[in-house]
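Okay, so here's the structure we're looking at.
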There are 2 protein chains.
Amino acid sequence: MATSPITPDRPLRRDAERNRQAILAAARDAFAEDGLSVTLDEIARRAGVGVGTVYRRFPDKEQLIDALFEDEIRGFVALAEDCLGAEDSWDGLMRFVEQACEVHACDRGFKEVALSGVHGLERVSRARELMVPVVTRLVHRAQADGKLRADVVPTDLPLIQLMLGALSECTRDVDPDAWRRYLGIVMDGLRAHREAPTPLAHPGLDVVQVQDAMRAWRPAAR
Amino acid sequence: MATSPITPDRPLRRDAERNRQAILAAARDAFAEDGLSVTLDEIARRAGVGVGTVYRRFPDKEQLIDALFEDEIRGFVALAEDCLGAEDSWDGLMRFVEQACEVHACDRGFKEVALSGVHGLERVSRARELMVPVVTRLVHRAQADGKLRADVVPTDLPLIQLMLGALSECTRDVDPDAWRRYLGIVMDGLRAHREAPTPLAHPGLDVVQVQDAMRAWRPAAR
DNA sequence: ACAGAAGTGGAGGACGTGCCTCCACTTTGT
DNA sequence: ACAAAGTGGAGGCACGTCCTCCACTTCTGT
């Protein structure tokens, strides 16, 4: 028994590694389109492999999520740090919230990982925690400049994201950019001073669109 | 065959009518607490009757919902009309949105019937449609007075409700009135003019509360 | 008081959904 | 060419909801 029969980190066989990549790619797409609730069966179907293969590579969905989203979250943190460097503190904050909404609007999986707190293992949670200090500094900087109303606190931002995310979830099929309109309204509410309303980036929906959006709204289950 | 053996509108036997009322009351409570997704089995349990009894009285859940919520919606329309009578048009609008949030926050069933558009039969849908003209007038009146920014449209209101509703769904167990804070921010965004921020009615949440709220957030299923 | 109509309850069947296992088979590397 | 590695997908399991069914109980009119 000089060498154990299975070395834990022996590289995968070539075909197996190819499948692993296919699974990751399929999962990324599926999660982005349909959110984290897609089944591993569906991911297998998209990747063109059997369910068994998926389960061998990723013992459960959480590990697949963890592997996929750690990088994405870190990338997003970097993006937030970039907003800290904007010359105008309000623009930086605004850009941050807008980009967050953008990502949430086109990647449901990311949104769920970022907002929900229940998904992901250590790696993702640790990455998520990196957000806190950056957001705090974004808020305080804009307040120090007198641009952001003094009575908001950093923890307001995730909740505002949550509101806009819920909206964009409903309007995604009706008018995918509708959230920009409501982001405009909320941001106007966040300004410290403002004589006139800032023009809204997006037109209002008509009655039929609102009806369809409402139909898309699903109450939290159970 | 002078009289058919079963007259369609013969009154129920006394005990049956008592049970019917118990079912309606239990359903009202259950829907308010847990939303429309409660099972008829659960409603039966709460009413202290068997499932069979519930199914005999209300062939399916929709009819039960229809029977329950028609009145509630009409009552709410009346309340909206009342806001139209407020001497200050902005206060009227504000009161309307606030009351809507209040109802949504403490009666999940009502919120789902009012917002989702998929529940309820004719009676409820007809009642829901009564809202449209009232909301339109509330908005136009506040705009005519120069209080509400000119670029909002009546259809913005349901979507704003939806945003705040999503938020209040998440924070209900952490801080049931947290929605008031974000309503304050949004309303400030809706004002046509405003030098300084209007003081917020509710303090911000701390980091732990936000974490718990996020944990409560459930992405739209499937 | 009694007959028969009306009403009851809740076990359990039908169905749907998602997770994951298992093993006869195929592919790869040496 | 042969063993080790990898595969696929049918199907088992667990769960949850909806709703039916019928032996039993309760009511009501006479």
Side-chain angles (χ1 to χ4, degrees), chain A residues 1-24 26-27 30-31 34-66 109 112 118-119 121 218-222, chain B residues 1-24 26-27 30-31 34-65 109 112 118-119 218-222:
Chain A
M1 47 173 67
T3 60
S4 89
I6 296 178
T7 313
D9 50 351
R10 176 172 33 76
L12 291 172
R13 222 168 69 177
R14 210 153 64 259
D15 57 337
E17 179 58 28
R18 214 184 315 121
N19 279 338
R20 204 183 97 96
Q21 293 305 326
I23 291 168
L24 285 170
F31 285 148
D34 299 332
L36 299 181
S37 66
V38 288
T39 65
L40 291 202
D41 295 58
E42 166 67 9
I43 290 169
R45 203 191 51 71
R46 283 176 180 247
V49 304
V51 239
T53 305
V54 176
Y55 280 99
R56 190 163 335 91
R57 239 22 105 203
F58 304 95
D60 60 41
K61 220 192 332 191
E62 287 305 300
Q63 300 205 20
L64 179 53
I65 291 170
D66 213 47
E112 292 173 21
V118 309
H119 290 292
L121 274 21
R218 292 268 165 268
R222 298 256 80 245
Chain B
M1 45 171 67
T3 60
S4 89
I6 296 179
T7 315
D9 50 352
R10 176 173 33 74
L12 290 172
R13 223 169 69 178
R14 209 152 65 257
D15 57 338
E17 181 57 28
R18 216 184 313 121
N19 278 339
R20 205 184 97 96
Q21 294 305 327
I23 291 168
L24 285 170
F31 284 148
D34 299 332
L36 300 181
S37 66
V38 287
T39 65
L40 291 202
D41 295 59
E42 165 68 11
I43 289 168
R45 203 190 51 71
R46 282 175 180 247
V49 304
V51 238
T53 305
V54 176
Y55 280 98
R56 191 166 333 92
R57 242 17 106 206
F58 303 95
D60 59 40
K61 221 193 325 191
E62 287 305 300
Q63 300 204 21
L64 178 54
I65 290 170
E112 293 174 20
V118 310
H119 290 292
R218 292 269 166 268
R222 293 261 81 241

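Lettering of chains follows the sequences in order, A, B, ..., and the numbering in each one begins at 1.
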Could you write out each protein N or O paired with an N or O of nucleotides 20-26 of chain C at a distance under 3.5 Å?
{"from": "C/dC20", "atom 1": "N4", "to": "A/D41", "atom 2": "OD2", "distance (Å)": "3.1"}

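For the side chain to side chain contact (heavy atoms under 4.5 Å, CB included) test, residues two or more places apart in sequence or in another chain that qualify with B/R13 are B/D15, B/A16. Take B/R18 and apply the salt bridge (Lys or Arg N to Asp or Glu O under 4.0 Å) test, not counting sequence neighbours, and it matches no residue. Among residues two or more places apart in sequence or in another chain, the salt bridge (Lys or Arg N to Asp or Glu O under 4.0 Å) test is passed with A/D41 by none. Annotation: side chain to side chain contact (heavy atoms under 4.5 Å, CB included) contacts of A/A27 (sequence neighbours excluded): A/F31, A/I43, A/L64, A/L68. Partners of B/R57 according to the salt bridge (Lys or Arg N to Asp or Glu O under 4.0 Å) rule, which considers only residues two or more places apart in sequence or in another chain, do not exist here.
Residues A/V38 and A/K61 share a closest heavy-atom pair of O-NZ, 3.1 Å.
Distance B/E42 CD to C/dG10 P: 14 Å, rounded to the nearest Å. Between A/I65 atom CD1 and C/dC19 atom P the separation is 10 Å, expressed in whole Å. The nearest whole Å value for the distance from the CG atom in B/L64 to the P atom in D/dC19 is 12 Å. As rounded to whole Å, 19 Å separates atom P of D/dC19 from atom CZ of B/R45. The distance from atom CG of B/L12 to atom P of C/dA5 is 18 Å, rounded to the nearest whole Å. Atom pair B/R18:CZ and C/dA6:C1' shows a separation of 14 Å (rounding to whole Å applied). B/F58 places its CZ atom 13 Å from the P atom of C/dG7, with the value rounded to the nearest Å. For the pair B/I43 CD1 and C/dG9 P, the computed distance is 15 Å after rounding to whole Å.
Phosphate contact (OP1/OP2 of C/dG7, side-chain N/O of B/N19, threshold under 4.0 Å): absent.
Nucleic acid contact class of B/R57 (heavy atoms, under 4.0 Å, all strands): sugar-phosphate only.
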